[in-house]
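These notes are about the structure you will find just below.
Throughout, protein chains are lettered first and strands after them, A, B, ... in sequence-line order, and every chain is numbered starting at 1.
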Amino acid sequence: MTDFMTTPASSEDFSKPPDSSQSATQWAKRNLFNSPLNTVITLLFAPIAAYLLYRLFRFVFITGQWEPVARNLENFMIGQYPREERWRIVAQLLILAGSFGVLMGAMRSSARDTAEETGEPFEPTSWRTYLSSFWAVGAFLLLILVAFVDTIGPWLLTGGVFALGLVGWAVASRITAGLRPFAYSLAAVGACASFQVLSGTGGWAWLYTTVALLPALNSLVGRLPRATAAGVAGAGALASVVAFGLRPGLLMLVPVAIGLYAAFIAYRGDRIDGGRAGAIVLVGIAVFLLNGAIDHGGIDWKEWGGFHLNLVATVGGVVLAFPLGVLLALGRRSDLPAVRMLSVGYIEFFRGAPLITFLLAAQFFLGFFLNTANPLSLVTRAIVAVTLFSAAYIAEIIRGGLQSVPSGQIEAGQAQGLSQAKIMRLIVLPQALRAVIPAMVGQFISLFKDTSLFSIIALPEFLEVRGQIHAQAEFRGFGIAESLTFVAVGFAVVAFSMSRESQRLEKRLGVGQR
Amino acid sequence: MTDQTNSTAVDADATNIGDREVMIEVAGVDKFFGDFQALKGIDMLVGQQEVVVVIGPSGSGKSTLIRCINRLEKHDRGRIVVDGIELSDDVRNIQEIRRETGMVFQSFNLFPHLTILDNITLAPRQVRRIPKAEAEAKAMELLERVKIPDQARKFPGQLSGGQQQRVAIARSLAMNPKVLLFDEPTSALDPEMIKEVLDTMKDLASEGMTMICVTHEMGFAREVADRVLFMADGQVVEVGTPEHFFTNPQEERTRLFLSQIL
């Protein structure tokens, strides 16, 4: 402060903040040599750090025996997935990339329109921001490609994923507001279809498509006269009912319910907003996952494996555990003693025992509780176990968030005549969830890492594949540290990106909150 | 507002509303927090288009009284009737009364995750089922009225305290309430912002809104109130028109309180 006050160079512009840029030497002086003690510490630790870096470099580039990794790259990534069906995974990745690009592009165009409407300057997320989130994954991929891949295929696939993502993004970021719901729906359909391609339960594709298309349908009928709109949406519901008649099953009731809900919204003259559309898409994905568990066909879950299995199980676990956690957290605060006790009992039980016990339980006796004529695949049961386990933790995280919302917020809602349910859904939950993003993402990362425990029940996930590789005579006792490093770094780069993205999300949602 | 009450003197009878129609009736209301009795047999009437200012030391039960009127607190004995609807344990009954009464809080209680416009339109759209466009048009009208239409797309955190409180007033008006309850609306504000909020409240009073204000702003009470009601220890100590109340208080407690704050 005084420094600033006592250096009034006549040319200096005092309406601007003082120049805070500094050269590398200045930085070193300020941070490494700013006191005698720090100087000693720096001089002491610099050689140690340099030596460790040297050993690391030597291990990675000179002494490391990477052959087991290089020769089994495909096993590491997809496990025992049938090789002749590999195109399914390629198609899944390409479709996912395109969908993700469309989603990001549509969000960008939405942000641009909002900025225009409010007259605030539009600050697009720069590529630097994405780089700061995903550089680790990118570097990891690039390193693998350069070091271990000698065919053109993986290069083409990686390039195709990026190209499709960029194309989707470029197209979607230029569309008008009217087309945007369709872009969202397209992305949702793409996300569902990408899994569809994988499991090959093709006969059901139209169902998820219908579910995912509903937001778009609704935004369209929102423009029609009320009665017509209700008619259109009602027809959608009726179609679902007919489909239910053709292929009865509990899960088919979900699209029926969604169709009726859309008809109801349309009749009221409203439109489904983004949040509800998102919820519907989540339900769609959940329907898919549950359905995949029951309806076998194509490349069954049983044959999924490798890092791919870890990623799919994480997505499934998050999509299923999050809503369950919200319900449990609300149940724990319920006025009804029975609901409260059930929630508390569930949470305490599933937090009380280690995940491994639940995985083993899923392997050995989950089938007793369910339809034994059509046993669930082991993968499904493992996902059920991590879901039930994580939901208990998520519930406690959300409960903390609910408690952080001041009671004045609830009172303000009550004073305006909002019902208890609406106060929770529109006022308390949005604030609570926003407050717990860091802890929640921490739980998701933890879930992701916990999928490595699938190896306990002999599922061929990333870590288990490594074990199987070294069990072969060819690779026995050779390159063990290297393959372990590879697996660890694989987990770490994905977890790192999740963490960085959550920080970005936090910052973005914090706008205007202060 | 002209003085329509018949009382020329100051006494402890808060049910004298002259020839006004009754808007709110509070009869024999007790309220306990554990063993502590916050309200002791309160009897009060508020007439239509009347402005009642409630003053008193902290802990005297002022806030509790108005929070009982829209059931933010449940009273333990007695009856409360708002615009002909008696407050009971029936949820629908409570909702009906809450739709009739707006409330403005000391700490604003705006919803921080919603824009100003969404803050105002939330209840009309969700409770009254008014279509979005109509609700937003009405919200813009209200923002004009509290003189901050240019802030509609901002978030509460981006506004000053005074602006936030005016938004809160606009929000409470959006449901077309018949009564407005103010719970120390200026106590959390910086001095230079108090005036803008009080001016908004004065405008409302001059437009004929029925209001109960818990406040420490004696200038406001003098200028706007039809009656001033002094509470202490959960009881109504003294009621009167502002000129009688401030110039000729009868009770020792009132005089002591006034001497401390004036």
Side-chain angles (χ1 to χ4, degrees), chain A residues 113-121 219 222-223 225-226 229 264-276 335 401 404-435 437 508-514, chain B residues 66-67 69-73 91-92 94-120 122-134 150-159 168 171-175 177 180-181 183 188:
Chain A
D113 285 5
T114 313
E116 240 164 58
E117 204 178 311
T118 58
E120 308 246 325
S219 78
R223 274 156 235 271
R226 199 188 264 204
F264 171 65
I265 299 267
Y267 177 71
R268 251 178 29 197
D270 282 350
R271 281 198 231 162
I272 295 183
D273 53 38
R276 279 183 225 179
D335 294 331
S404 76
V405 177
S407 61
Q409 292 288 312
I410 297 168
E411 286 177 0
Q414 287 174 336
Q416 294 201 283
L418 287 163
S419 67
Q420 216 52 41
K422 283 193 168 160
I423 291 173
M424 186 50 73
R425 188 163 61 82
L426 300 168
I427 299 171
V428 179
L429 256 187
Q431 296 184 51
L433 292 181
R434 198 166 301 197
I437 288 172
R508 215 185 56 193
L509 289 178
V511 169
Q513 271 220 96
R514 264 160 282 223
Chain B
I66 64 168
R67 286 162 63 86
I69 291 173
N70 67 352
R71 206 27 107 81
L72 289 186
E73 306 285 357
V91 175
R92 255 181 291 170
I94 295 171
Q95 298 296 63
E96 206 169 331
I97 287 184
R98 283 175 177 168
R99 281 193 291 252
E100 302 282 316
T101 53
M103 188 169 213
V104 177
F105 299 86
Q106 177 176 354
S107 48
F108 328 138
N109 293 351
L110 294 180
F111 308 129
H113 61 300
L114 299 178
T115 63
I116 299 306
L117 205 56
D118 290 340
N119 260 280
I120 299 174
L122 182 72
R125 287 181 62 196
Q126 295 292 334
V127 179
R128 293 216 197 275
R129 299 250 171 262
I130 295 172
K132 187 179 179 200
E134 198 182 312
D150 48 329
Q151 312 284 352
R153 301 279 172 184
K154 291 196 178 157
F155 285 91
Q158 294 168 304
L159 269 55
R171 181 175 71 174
S172 66
L173 289 172
M175 292 288 283
L180 275 188
L181 307 171
D183 190 359

Given B/Arg128, B/Lys154, B/Arg171, B/Glu96, the one with more heavy-atom pairs under 4.5 angstrom with chain A than any other is B/Arg171

Counting heavy-atom pairs closer than 4.5 Å to chain A, which one of B/Leu181, B/Leu159, B/Val127 comes out on top? B/Val127

If you count heavy-atom pairs within less than 4.5 Å of chain A, which of B/Leu110, B/Thr115, B/Leu114, B/Asn70 leads? B/Leu110

B/Pro112 versus A/Gln431, closest heavy-atom pair with distance: CG-OE1, 3.3 Å

On a heavy-atom basis, which atom in A/Gly413 and which in B/Phe111 lie closest, and how many Å separate them? N-CZ, 4.1 Å

Mind checking what makes side-chain hydrogen bond (donor to acceptor under 3.5 Å, both in side chains) contact with B/Arg67, not counting sequence neighbours? A/Glu411, B/Glu73

Please tell me if the side chains of A/Gln414 and B/Leu72 come closer than 4.5 Å, counting only heavy atoms from C-beta onward. yes

Do other residues, nucleotides or ligands put more than 12 heavy atoms under 6.0 Å from B/Asp150 CG? yes

Using atom types as modelled, flag every donor-acceptor pair under 3.5 Å from a side chain in residues 100-107 of chain B to any protein atom, sequence neighbours excluded.
residue, atom, partner, partner atom, Å
B/Glu100, OE1, B/Lys178, NZ, 3.3
B/Thr101, OG1, B/Ile97, O, 3.0
B/Ser107, OG, B/Asn109, OD1, 3.1

Testing the basics here: between A/Leu426 and B/His113, what is the closest heavy-atom pair and its distance to 0.1 Å? O-NE2, 2.8 Å

